[in-house]
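Working notes, structure below.
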Amino acid sequence: QVQLVESGGGLVQAGGSLRLACAASGRTSSSYAMGWFRQAPGKEREFVAAISWSGNRIGYADSVKGRFTISRDNAKNTVYLQMNSLKPEDTAVYYCAAKLRYYSDSRGEYNLWGQGTQVTVSS
């Protein structure tokens, strides 16, 4: 029933910033955790950040700590990923994902996925 749509990707120079958004459409009858994952060509999809329904539990991959910030606005059914100090190695397709109820940083526990948005960081 619920669909996720990412936006905000694009091309940016190293050191620049980008803000991704993921909007959930359709009926959301239960609380859910949200996560961001990314996948570069030839690599596995990897965890980037996740946030609980309340926003009180947040986690980041070590590679993005101090640079990325995840947040959500439940009134808008939207989760954000503020990406600062971007590096070429951040280049990937970024996906948002949702799971029922509790926080998780495990890719396999998420069962709702957006279509992805391309982020390219040039050196």
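Note that the coordinates shown come from a computational prediction; the quantities given were computed from them, not determined experimentally.
Applying the side-chain contact (heavy atoms from CB on, under 4.5 Å) criterion to K43, with sequence neighbours excluded, gives A40. For R45, the side-chain contact (heavy atoms from CB on, under 4.5 Å) criterion is met by F37, Q39, Y95, R107, W113, not counting sequence neighbours. Applying the side-chain contact (heavy atoms from CB on, under 4.5 Å) criterion to R67, with sequence neighbours excluded, gives V64, S85, K87, D90.
Side chains of E6 and T117: no donor on one and acceptor on the other come within 3.5 Å.
A single hydrophobic cluster is seen to contain both I70 and Y94, as judged by linkage of ILVMFWY side chains at heavy-atom distances under 4.5 Å, directly or through other members. Under a hydrophobic clustering in which Ile, Leu, Val, Met, Phe, Trp and Tyr are joined whenever their side-chain heavy atoms come within less than 4.5 Å, directly or via other members, M83 and L11 fall into different clusters. In the hydrophobic clustering of this structure, V48 groups with I58; members are Ile, Leu, Val, Met, Phe, Trp, Tyr whose side-chain heavy atoms approach within less than 4.5 Å, directly or through other members. If you chain together hydrophobic residues whose side chains sit under 4.5 Å apart, Y60 and Y80 never meet in one group.
Looking only at side-chain heavy atoms (C-beta outward), Q118 and T91 come within less than 4.5 Å of each other.
Scanning both residues, L18 and G8, for their nearest heavy atoms gives CG-O, 3.4 Å. Closest approach of Y32 and K99 over heavy atoms only: CB-O, 3.0 Å. In plain terms, the two heavy atoms of S63 and R38 that are nearest each other are OG-NH2, 3.4 Å. Between L4 and A24 the shortest heavy-atom distance is CD2-CB, 3.7 Å. The two residues Y110 and A33 have their closest heavy-atom pair at CE2-O, 4.0 Å. Closest heavy-atom contact between L100 and S31: CD1-O, 3.6 Å.
Cation-pi check for R72 over Y103 is not met; the charged atom does not lie both under 6.0 angstrom from the ring centroid and within 45 degrees of its normal.
Here S17 contributes atom OG and Q82 contributes atom CD; the two are 6.0 Å apart, rounded to the nearest 0.5 Å. Of the inter-residue distances, the one linking S71 atom OG with L81 atom CG reads 8.5 Å to the nearest 0.5 angstrom. In this structure, CG in L20 is found 12.5 Å from OG1 in T78, a value given to the nearest 0.5 Å. Atom-to-atom distance recorded for F47:CZ and W36:CH2 is 13.0 Å, nearest 0.5 angstrom. Atom CZ of R57 is separated from atom CG of D105 by 7.5 Å, given to the nearest 0.5 angstrom. Taking CG of N74 as the reference point, atom CH2 of W53 lies at 4.0 Å (rounded to 0.5 Å).
Environment of CD in Q3: sparse, with no more than 12 heavy atoms of neighbouring residues, nucleotides or ligands closer than 6.0 Å.
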